[in-house]
Student: 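Take this structure, written in structure tokens, and hold onto it; I'll ask about it next.
Read the numbers this way: they start at 1 and go in the same order the structure lists the ligands and their atoms.
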Amino acid sequence: SMRAMVDARTVACKTTEPTGRTDKGIIDTQPPRGTRDFFPEDMRLRNWLFGEFAAVSSSFGFEQFDAPVLESEELFVRKAGEEITDQLYNFEDKGQRRVALRPELTPSLARLVLQRGRTLPLPAKWFAIGQCWRYERMTRGRRREHYQWNMDIVGVAGVEAEAELLAAIVLFFERVGLSKDDVGIKVSSRKVLQSVLVQYGIPPESFARVCVIVDKLDKLPREKVEEELRVLGVPPSTIDGVLSALSIRSLEELSRLLGPDSEAVADLSRLFQLAEGYGYKDWLVFDPSVVRGLAYYTGIVFEGFDREGKLRAICGGGRYDRLLGAFGGDNAPMAGFGFGDAVIVELLKEKGKLPAPPHRVDDVVVPLDMALRPAASGIAARLRRAGRSVDLVLENKKMKWAFKHAEKLNASRLVLVGASEWERGKVVVKDLAKFQQEEVPVEDLI
Ligand SMILES: OCc1cccc(Br)n1
């Protein structure tokens, strides 16, 4: 067949020329480095996952938004040494504009909020599911794109916003069959680190960079982190203070360290109290070593993790009250999270809970001879108008083939359009689940 020939010739050709064409003229059928194709079976899983994201978002009354994958580079240029901006997929376009493929959705959200300005009714509860990009040297062979679900609340200063966002994450986990024994959510506040740095006299303008470096503690050896902090002018004595604060594991201890009127303690205590109300307190783990790697977080931060500790963070988020100001606008309180499409699939696979949604149709319609093809097309049209999914057999096939085809498509019914029945204004409907058939007048067919 054509396909076999193409495959054989593709295999036979060793390398592709820079144009992507082999010396035999076949294009490279692989997707660009670091990207994925979604064949139908992959798309069915993706549609299932995104369907769960959207269902949770709407059960929280959130509205969906989107923005271009391509954004002005200035949206993402931050001087805090984040991995996400170091790996920006940026370039100059043919109009000499500095542009970038978005590495995250939050800056676009901020841009839309600024675009609406005071006309935006607050609180705004928006969600998005969008493809995000990074340009990573392929030495690490990691992906360069993923899809991320975001939920954000604009205009709520209290930790009630974070509690609501955490509730959405918990509901998602429950919906996909994961329990608090499978996953948890580490919660802290950047105000912990902030107050420690103030105690050690570190200037506030270093705060974002210190957070980005401290976030690497679970990725880099400690001396590497200490080295990066030292380069930033954070003396070793401060580092010890910071690291000891991050090893605290209870709010009582934190309160002793930071004092009774610490904002961090107040925020976290309130958050755990709300979590009790929602009923997801047991999903939370107070862990001040969680700072997250995005420069703009200012308060509560959190990240979902697998209790077996085999995988990277499942999701992450927090409060970022100063992002609009960083874009030159008036600040508004904001909190949100990002939830990628990769780790969750790995985790569900591990847990044997990854669905494999089958392709199916309601009806297969088969004309039993060529002259009845227009009639069969009319039957298919009628069924489709009634909302049924219909596979109309487009070539002249025998009954035996039609049966096998209907089974492959997990069809509920096989509708046969045959000459003798058609003369009487009827078609034969075989119920493939109950192994019974009946003659149905066309006007009664749905
Ligand atoms: O989570 C960091 C990230 C950003 C963009 C693309 C990919 Br893949 N990963």
Student: Are any side-chain N or O atoms of R144 and backbone N or O atoms of E136, one a donor and one an acceptor, separated by less than 3.5 Å?
Tutor: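 Such a contact is found between R144 side chain and E136 backbone.
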Student: Main chain of E303, side chain of R292: is a donor-acceptor contact present, judged purely on distance under 3.5 Å?
Tutor: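 Not a single qualifying donor-acceptor pair exists.
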Student: What protein heavy atom lies closest to atom 1 (O) of ligand 1? Include the residue and the distance to one decimal.
Tutor: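 Ranking protein heavy atoms by distance from atom 1 (O) of ligand 1, first comes H146 CE1, 3.6 Å.
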Student: Among all protein heavy atoms in this structure, tell me which lies nearest to atom 9 (N) of ligand 1, with the distance rounded to 0.1 Å.
Tutor: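 Answer for atom 9 (N) of ligand 1: R134 NH1, 3.4 Å.
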Student: Using heavy atoms and a 4.0 Å limit, tell me yes or no: is G340 in contact with ligand 1?
Tutor: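 G340 does not count as a contact of ligand 1 under the 4.0 Å cut-off.
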Student: Determine the interplanar angle of the F53 and F50 rings, folded into 0 to 90°, and report it as parallel if under 30°, tilted if 30 to 60°, perpendicular if over 60°.
Tutor: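 The rings of F53 and F50 lie parallel, inter-plane angle below 30°.
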Student: At less than 4.0 angstrom from any non-hydrogen atom of P103, what atoms of ligand 1 do you find?
Tutor: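 By the 4.0 Å cutoff, the relevant atoms are 4 (C), 5 (C).
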Student: Counting neighbours of CZ on R116 that are heavy atoms of other residues, nucleotides or ligands and sit closer than 6.0 Å, is the number greater than 12?
Tutor: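 Check fails, neighbour count at 12 or below.
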Student: If the cut-off is 4.0 Å to any non-hydrogen atom of R143, which atoms of ligand 1 fall inside it?
Tutor: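 Those atoms are 8 (Br).
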Student: Side chain, backbone, both or neither: which part of E145 comes within less than 4.0 Å of ligand 1 when only heavy atoms are counted?
Tutor: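 Contact part for E145 vs ligand 1: backbone (N, CA, C, O).
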Student: Strictly distance-based, threshold 3.5 Å: is any side-chain N or O of Y280 a donor or acceptor partner for the main-chain N or O of A163?
Tutor: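 Looks like yes, one N/O pair under 3.5 Å.
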